[in-house]
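Scroll down for the structure; my scribbles are underneath it.
What you see is a predicted model, and the numbers here were worked out from it, not measured in a lab.
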There are 2 protein chains.
Amino acid sequence: MLLKMPSKHTTISDQAREKSNDETAEPNHTISLREENMLTLIELFFFAYRDFTEEGDEILDTFGFGRAHHRVIHFVHHYPGQRVADLLGILKITKQSLARVLKQLVEQDFICQKEGSKDRRERLLYTTEKGNKLAEQLADPQIERFEKTMGNFSKTEQQTIEKFLFTLIRKHNRQDVISLMAQNGHFPAGKP
Amino acid sequence: MLLKMPSKHTTISDQAREKSNDETAEPNHTISLREENMLTLIELFFFAYRDFTEEGDEILDTFGFGRAHHRVIHFVHHYPGQRVADLLGILKITKQSLARVLKQLVEQDFICQKEGSKDRRERLLYTTEKGNKLAEQLADPQIERFEKTMGNFSKTEQQTIEKFLFTLIRKHNRQDVISLMAQNGHFPAGKP
DNA sequence: CAAAATATGTCAACATCACTGACATAAATT
DNA sequence: AATTTATGTCAGTGATGTTGACATATTTTG
């Protein structure tokens with residue numbers, strides 16, 4: 001299934017002609033070029049994310065898991081020792097949404113829980129060996145895709161891109177992201 | 001709810017200490033710095049998209065709509081005269097998923113359908129006046145957010161960012177995106 | 001023209017993932 | 001001792017996605 005695929009009876013120029021003949025086909029009179037450019041970026045962002053998430057799904061299917069499992073196992077793997085509350089803050093989902101997914105991952109031995117040493121109410125989350133394997137299997141194609149993409153850009157450009165992504169994060173969430181990534185010695189949008 | 005929020009009894013340095021004392025807390029021995037940098041970008045991409053999609057939801061709630069409605073009305077508004085099949089290719093969802101949402105939007109007079117002039121089987125999709133209003137109401141905060149973000153970058157950097165997003169799209173989908181955007185005179189990753 | 005392909009719509013059944021609100025337990029803090 | 005916190009769990013609900021089958025109208029093709 002394709003977008004506006006030129007076919008025998010409908011070429012792109014046909015469509016353009018059709019559109020210009022149509023009285024209801026010009027809703028964007030009031031849109032400035034600047035806004036139009038932003039819409040292009042917004043749509044590219046949508047398509048990029050659409051494609052980005054598409055890849056892991058086949059792997060997940062073979063385990064009977066979905067994207068929610070992916071996200072949980074990714075963040076537990078990359079930031080071992082998270083509390084449940086931390087994960088809720090990262091994923092911005094409710095406790096019940098997380099609980100269902102987490103329960104499955106623990107029962108099937110992808111994730112294990114350890115009592116907090118200071119606060120024994122806490123359940124610190126770690127991936128098991130089995131979980132590590134799955135996490136890496138899921139991360140590999142995404143890493144590869146980003147490596148390929150970033151390979152097209154200079155170091156400076158790569159910093160621009162990192163800054164762009166960081167700036168898209170809402171202000172009130174940025175410090176949380178920085179704190180999280182600092183756990184692995186990473187500092188988005190400029191190393192200290 | 002926050003990420004690893006420093007609280008009275010658990011500071012970030014406490015957590016670091018706890019982590020380094022923990023024998024299961026070092027799963028990433030085999031990960032290269034390059035891969036680590038990619039994981040940072042991947043997570044920033046996730047957080048950026050998470051926050052990006054978050055904003056429209058309050059507006060949508062007041063109409064009893066969800067993100068699926070948003071996506072449909074956005075693309076119909078910005079690219080008037082799409083066929084149903086085109087929309088399926090853009091959103092990459094199944095006919096039934098689209099049908100449910102589209103039906104609601106048509107019934108409630110946000111979108112109208114016109115018989116194709118060449119092929120009368122086609123239902124070309126357009127937004128109504130009511131639909132235009134909603135589409136613009138939904139687009140405005142996103143446009144504003146991107147304008148603010150992009151305002152931090154030079155023209156050259158902005159081109160880098162556009163190219164980055166375009167390159168993240170899977171190769172076999174890029175031509176479709178180009179064809180789509182060409183309908184509005186836009187050419188991602190380099191004007192011709 | 002008759003047959004095949006195409007565009008769309010629709011039905012039933014189902015899975016995932018999100019939500020809310022209420023409540024329980026254990027442990028820490030006040 | 002009372003309160004707050006971290007977590008887990010229950011029941012119910014809704015949005016969004018899936019598959020597969022089938023119907024209709026229309027266009028294209030042999």
Side-chain angles (χ1 to χ4, degrees), chain A residues 1-10 14 50 53-54 56-58 60-61 63-73 81-89 91-107 111 113-125, chain B residues 1-10 14-15 50 53-54 56-58 60-61 63-72 81-89 91-107 111 113-125:
Chain A
M1 217 56 71
L2 299 161
L3 323 182
K4 276 290 187 200
M5 213 37 208
S7 61
K8 270 154 258 154
H9 69 292
T10 321
D14 279 342
R50 181 200 65 178
T53 51
E54 191 188 349
D57 291 357
E58 304 115 34
L60 289 162
D61 276 349
F63 289 87
F65 291 153
R67 278 186 205 162
H69 301 83
H70 186 171
R71 293 194 284 264
V72 169
I73 205 155
Q82 298 293 308
R83 298 172 306 160
V84 171
D86 299 326
L87 218 41
L88 291 177
L91 303 175
K92 292 261 178 70
I93 57 175
T94 57
K95 202 167 29 157
Q96 292 69 18
S97 289
L98 176 58
R100 203 185 319 110
V101 170
L102 197 50
K103 195 176 186 179
Q104 289 176 274
L105 289 169
V106 170
E107 277 170 357
I111 284 179
Q113 298 171 310
K114 275 186 63 168
E115 209 173 55
S117 59
K118 297 196 162 47
D119 186 336
R120 284 167 41 230
R121 292 170 304 179
E122 295 176 347
R123 310 292 166 86
L124 307 185
L125 303 172
Chain B
M1 216 57 69
L2 299 161
L3 321 182
K4 276 288 186 200
M5 213 38 205
S7 62
K8 270 153 256 152
H9 69 289
T10 319
D14 280 342
Q15 289 163 5
R50 181 200 65 177
T53 52
E54 191 188 350
D57 291 356
E58 304 114 34
L60 289 161
D61 276 349
F63 289 87
F65 290 154
R67 277 185 207 161
H69 301 84
H70 186 170
R71 293 194 285 263
V72 170
Q82 298 294 308
R83 298 172 305 161
V84 170
D86 299 326
L87 219 41
L88 291 176
L91 303 174
K92 293 262 176 71
I93 56 176
T94 56
K95 201 169 30 158
Q96 292 68 19
S97 289
L98 177 58
R100 206 185 306 115
V101 171
L102 197 52
K103 196 176 185 177
Q104 290 176 273
L105 289 169
V106 170
E107 276 169 359
I111 284 179
Q113 298 172 311
K114 275 186 63 168
E115 209 173 53
S117 59
K118 298 195 163 45
D119 186 335
R120 283 165 44 225
R121 291 170 304 180
E122 296 176 347
R123 310 292 164 89
L124 308 184
L125 303 171

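Rounded to a whole Å, the CZ atom of R120(A) is 20 Å from the P atom of dT5(D). The nearest whole Å value for the distance from the NZ atom in K92(A) to the P atom in dC19(C) is 12 Å. For K95(A) and dA6(D), the NZ to P distance is 11 Å, given to the nearest whole Å. Taking atom NZ of K118(B) as the reference point, atom P of dT26(D) lies 18 Å away to the nearest angstrom. Rounding to whole angstrom units, CD of residue E58(A) and P of dT18(D) are separated by 14 Å. We find that NZ of K103(B) is positioned 16 Å from P of dT16(D), with the value rounded to whole Å. For the pair I93(B) CD1 and dA15(D) P, the computed distance is 15 Å after rounding to whole Å. Distance, E54(B) CD to dC19(C) P: 11 Å, rounded to whole Å.
At dG8(D), one or more side-chain N or O atoms of Q113(A) fall inside 4.0 Å of OP1 or OP2 (strictly under the cut-off). Dashed line: the shortest gap from a side-chain N or O of R123(A) to OP1 or OP2 of dT7(D) is not under 4.0 Å. Distances shorter than 4.0 Å separate none of the side-chain N or O atoms of R121(B) from OP1 or OP2 on dT27(D). Side-chain nitrogen and oxygen atoms of T94(B) include at least one within less than 4.0 Å of the OP1 or OP2 phosphate oxygen of dT18(D). Close to dC17(C), at under 4.0 Å from its OP1 or OP2, lies no side-chain N or O of S97(A). Considering only side-chain N and O atoms, R71(A) lies under 4.0 angstrom from the phosphate OP1 or OP2 of dA18(C). At dA15(D), none of the side-chain N or O atoms of H69(B) fall inside 4.0 Å of OP1 or OP2 (strictly under the cut-off). Using a 4.0 Å cut-off, some side-chain N or O of R83(A) falls inside it from OP1 or OP2 of dA6(D).
Nearest heavy atoms, L91(B) versus R71(B): CD2-CB, 3.8 Å. Listed here is the closest heavy atom pair of G81(B) and L124(B): O-CD2, 3.6 Å. Across all non-hydrogen atoms, the minimal contact from Q104(A) to H69(A) is OE1-NE2, 3.0 Å. Taking each heavy atom of T53(B) and R50(B) in turn, the nearest pair found is OG1-O, 3.1 Å.
Within the 4.5 Å cutoff, the side chain of V101(A) has no heavy atoms near those of the I93(A) side chain.
Within 4.0 Å (heavy atoms only), Q104(B) reaches no atom of the nucleic acid at all.
Each of F65(A) and Q96(A) was assigned the nucleotide of DNA chain C with the nearest heavy atom; the assignment lying further toward the 5' end belongs to F65(A). Where A68(A) and R100(B) meet DNA chain C, the nucleotide closest to each residue was compared, and R100(B) sits on the side nearer the 5' end.
Which of dT10(C), dA27(C), dG9(C) sits closest to the side chain of A99(B) comes down to dT10(C).
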